[in-house]
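Input: a single structure, listed below in structure tokens.
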Amino acid sequence: MFYDKEYDIIVVGAGHAGCEAALASARMGCSVAIFTMNLDSIALMSCNPAIGGLAKSHLVSEIDALGGEMARNTDRAGIQFKVLNKSKGPAVWALRVQCDRQLYRLSMKSVLESQHNIDIKQGIVEKVIVEDGKAKGIETNLGLRFKSRAVILTTGTFLKGIIHIGLTNFPAGRAGEFPSTGLSICLEELGFKLGRLKTGTPPRLDAKTIDFSKTTPQYGDDPPKPFSSSTEKITNPQIPCFITYTNGRTHRIIKKNLDRSPLYTGRIHGIGPRYCPSIEDKVVRFADKERHQVFLEPEGLETKEYYANGISTSLPMDVQIALIKSITGLEKAEMMRPGYAIEYDFVPPTQLKPALETKSVEGLFHAGQINGTSGYEEAAAQGLMAGINAALIIQEKDPLILDRSEAYIGVMIDDLITKGTKEPYRMFTSRAEYRLLLRQDNADLRLREKGYRAGLISEKDYKKFLLKKDMIDEEIRRLKETRVREDSDPPVSLAQILKRPEACYEDINRISPSEKLSPESSSGSDSRLKTEVKEQVEIQIKYEGYIKRQTEGVERFKRLEEKRIPSDFNYSSVKGLSREVVEKLEDVRPISIGQAGRISGVTPAALSILIIAIEKRKREKIGDEAFRVTS
């Protein structure tokens, strides 16, 4: 039976990826249906109640610059804002925001419900309907079919999900929720390769039973700096987090019970996150460490539940209770929810095009943990791009592809589709070759124009952006043209003074104040705009030499990206390429020489052979066409 309404796009899953995908497509004028197993789990923060952090905050700022919702929603739900790495260079500055978990969920649910063009459906999707190699809709477990022109899968950890607590395991997509089994079977039947990954969560604790006097409080910034450029002020009360540590007793308890750990008894087959291991994994792998940090995070303003970040575990309940009580400040702590590990299917992302559309099924897109990533931010960024590109393809427009020189989002997607992943992928600043150009502070300068052209930025926000851009350019020009004399020395420009390590913008403003950036009569958004302009001016002038060198590197990168590879190119016909290289090129089907060079095992020598072969094909094609014309 078919539902009586047809949609442009159907989004399966309403986590962080699904919400961004649905909102982007709907705001671009498409009719959207978003399916979730539980309406009360929309945008649920199923792991830690925080957004941002190292490199992840770059993704959130880029989502905001393109017109996504995560940054705005974080500002509405944030209860602690803190800029990390402030003592280091601007390329690694990062904003981390502790959120009220329920407020985040309810706020995003409200945004979805209020958005024109979106229908929200509760149901279990069992099948993607494919006809003639094209996605045509979905089918639920109740046999009801929904037609669409494109489908976006954002299934999180639900594909054949299994939860492990000790040697006990049971099917679930998340604690208390059903897994998705039929969809995994459907994807295999459609010819997709599937893999298996694992992630986990720590226990949640009752604040009434924690002795916070034995822990170290961690306060946020005052005043808090909003994530979104459209947020004028943070209005929620701000509260601290707390730090404590494991100890020798904790580690002895864990080591004594490794024979009851599903991780060490072979019960778990999926590969876990390298950079966020469970506490049992940390104790075994880093046996020389005397302690590991435990970051106690409040789950919200109206709850006593605390998230014990740092002790993710799948050990049995009795062992979890014992290891918690061995930690300073947690001697009498009561566990409200146990930690657990979850295994789930994913679809290796080398089966995707750069637009996040699958190579084998037209109109089918994948975003989030189904692609092997971990983290809310990575998921939301993919969801946004999948939503944008599904809408663009339906509108018969070119997809929006961000390359590695433009955005962390571009780095992440290129990594996934080119190299794939065998463990949950997490974004790091070290993954970006041009990280001095791809800073969190300049995300709007890099991407706002693209978001506006896609139809996701309002006229009001776009005009505000143009004003900011003009003010930055004008002030940089003023500082370079204004010269002052220091003592008896020759005159120097204000920009030259600002480049000195000990100088800052306020020093320059005291020497020669800017009329437009003076603090007088500044309030609200106007004050924030001026602060951001000053920050940009200082960064761009101080790091001008480094930025110029990276820009030159980008030009070289662009030249390789512009050398396109025909989509039907036959790699096996190229003499001189090894069988291994041919197999890898056939598997990834790179769109450019630049992407081909990033495939593991494709050597510079192989690239040279490939370039010659492509040029030869072009010459032969031109010759054939010329022959046909003259004939």
Side-chain angles (χ1 to χ4, degrees), residues 15-21 23-24 43-45 47-86 90-101 103-105 107-108 111 154 220-221 224-231 234 236 297 367-369 373-388 402 406-413 425-429 431-432 435 438-448 450-451 456-457 461 465 528 532 535:
H16 303 282
C19 289
E20 294 290 353
L23 288 169
L44 182 66
M45 305 181 89
C47 198
N48 67 317
I51 298 291
L54 304 181
K56 292 171 177 282
S57 66
H58 291 66
L59 292 174
V60 180
S61 294
E62 291 176 356
I63 291 167
D64 186 59
L66 289 166
E69 195 64 32
M70 176 171 267
R72 289 194 290 263
N73 204 61
T74 299
D75 290 340
R76 291 191 288 266
I79 54 178
Q80 187 193 94
F81 292 70
K82 190 175 183 65
V83 177
L84 310 176
N85 280 346
K86 197 64 180 177
V92 292
W93 290 348
L95 179 61
R96 184 184 189 276
V97 182
Q98 198 69 31
C99 292
D100 183 308
R101 191 163 169 258
L103 184 55
Y104 189 96
R105 176 182 67 82
S107 176
M108 187 66 87
V111 171
T154 67
D221 297 335
K225 180 181 180 181
F227 232 134
S228 174
S229 60
S230 62
T231 303
I234 302 301
N236 288 333
E297 306 178 42
Q369 285 176 288
T373 59
S374 70
Y376 309 144
E377 303 84 358
E378 289 88 343
Q382 293 170 72
L384 175 68
M385 297 310 296
I388 289 172
L402 301 175
E406 292 177 305
Y408 271 72
I409 294 175
V411 172
M412 173 179 65
I413 292 176
Y425 177 99
R426 178 178 177 179
M427 179 49 69
F428 292 102
T429 54
R431 294 190 189 274
R435 53 186 171 274
L438 308 183
R439 307 183 307 276
Q440 181 185 326
D441 61 82
N442 70 352
D444 57 346
L445 298 175
R446 292 183 278 115
L447 301 173
R448 182 67 82 180
K450 294 179 186 292
L456 294 176
I457 304 297
D461 283 344
F465 160 71
R528 183 182 176 190
E532 290 178 352
E535 182 182 71

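In this structure, the side chain of Glu20 engages the main chain of Glu69 through a donor-acceptor pair within 3.5 Å. Under the 3.5 Å distance criterion, the side-chain polar atoms of Thr429 are left unmatched by any main-chain donor or acceptor of Ala55. A donor-acceptor pair under 3.5 Å is formed between the side chain of Asn85 and the backbone N or O of Val92.
Partner of Glu378 under the salt bridge (charged side-chain N to carboxylate O under 4.0 Å, His left out) criterion, chosen from Arg426, Arg431, Lys56: Lys56.
Rounding to the nearest 0.5 Å gives a distance of 9.5 Å between CE of Met70 and CG of Leu59. Note: His58 NE2 to Ile409 CD1 = 12.0 Å, rounded to the nearest 0.5 Å. With rounding to the nearest 0.5 Å, the separation of CG in Leu447 from OH in Tyr408 is 12.5 Å. Interatomic distance, Met385 CE to Leu402 CG, rounded to the nearest 0.5 Å: 4.0 Å. Residue Tyr376 holds its OH atom at 5.0 Å from CG of Asn48, rounded to the nearest 0.5 Å. Atom CG of residue Leu103 and atom OG1 of residue Thr74 lie 10.5 Å apart, to the nearest 0.5 angstrom.
Inspection of the Asp64 and Ser228 side chains reveals an N or O donor paired with an N or O acceptor under 3.5 Å.
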Could you go through Met108 and Leu23, starting from their C-alpha distance and side-chain angles, then the distance that decides it, and tell me whether this counts as side-chain contact (heavy atoms from CB on, under 4.5 Å)? CA-CA 10 Å; Met108 187 66 87; Leu23 288 169; 4.2 Å; yes
Evaluate Val83 against Gln440 for side-chain contact (heavy atoms from CB on, under 4.5 Å), listing each step before the verdict. CA-CA 11 Å; Val83 177; Gln440 181 185 326; over 6 Å; no
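Contact detail for Ile63 and Ala380: the closest heavy-atom pair is CD1-CB, 3.7 Å. Across all non-hydrogen atoms, the minimal contact from Asp461 to Ser230 is OD2-CB, 4.0 Å. What you find for Arg76 and Val111 is that their closest heavy atoms are NH2-CG2, 3.4 Å. Shown here for Asp444 and Ala65, the closest heavy-atom pair between the two residues is CA-CB, 3.7 Å. The heavy-atom pair separating Cys99 from Tyr104 by the smallest distance is SG-CD1, 4.1 Å. Across Ala386 and Ala367, no two heavy atoms sit closer than the pair CB-CB, 4.1 Å.
Counting only heavy atoms from C-beta outward, the side chains of Ile51 and Met45 approach each other to under 4.5 Å. Side chains of Leu456 and Leu384 form a contact here, defined as non-hydrogen atoms less than 4.5 Å apart. Proximity of Ser57 to Phe227: side-chain heavy atoms (C-beta onward) are separated by under 4.5 Å at one or more points.
In this view, Glu297 and Arg96, Gln98, Asn309 satisfy the side chain to side chain donor-acceptor pair (under 3.5 Å) rule, not counting sequence neighbours.
We find that Lys225 and Glu532 are not joined by a salt bridge, their nearest charged nitrogen and carboxylate oxygen being 4.0 Å or further apart.
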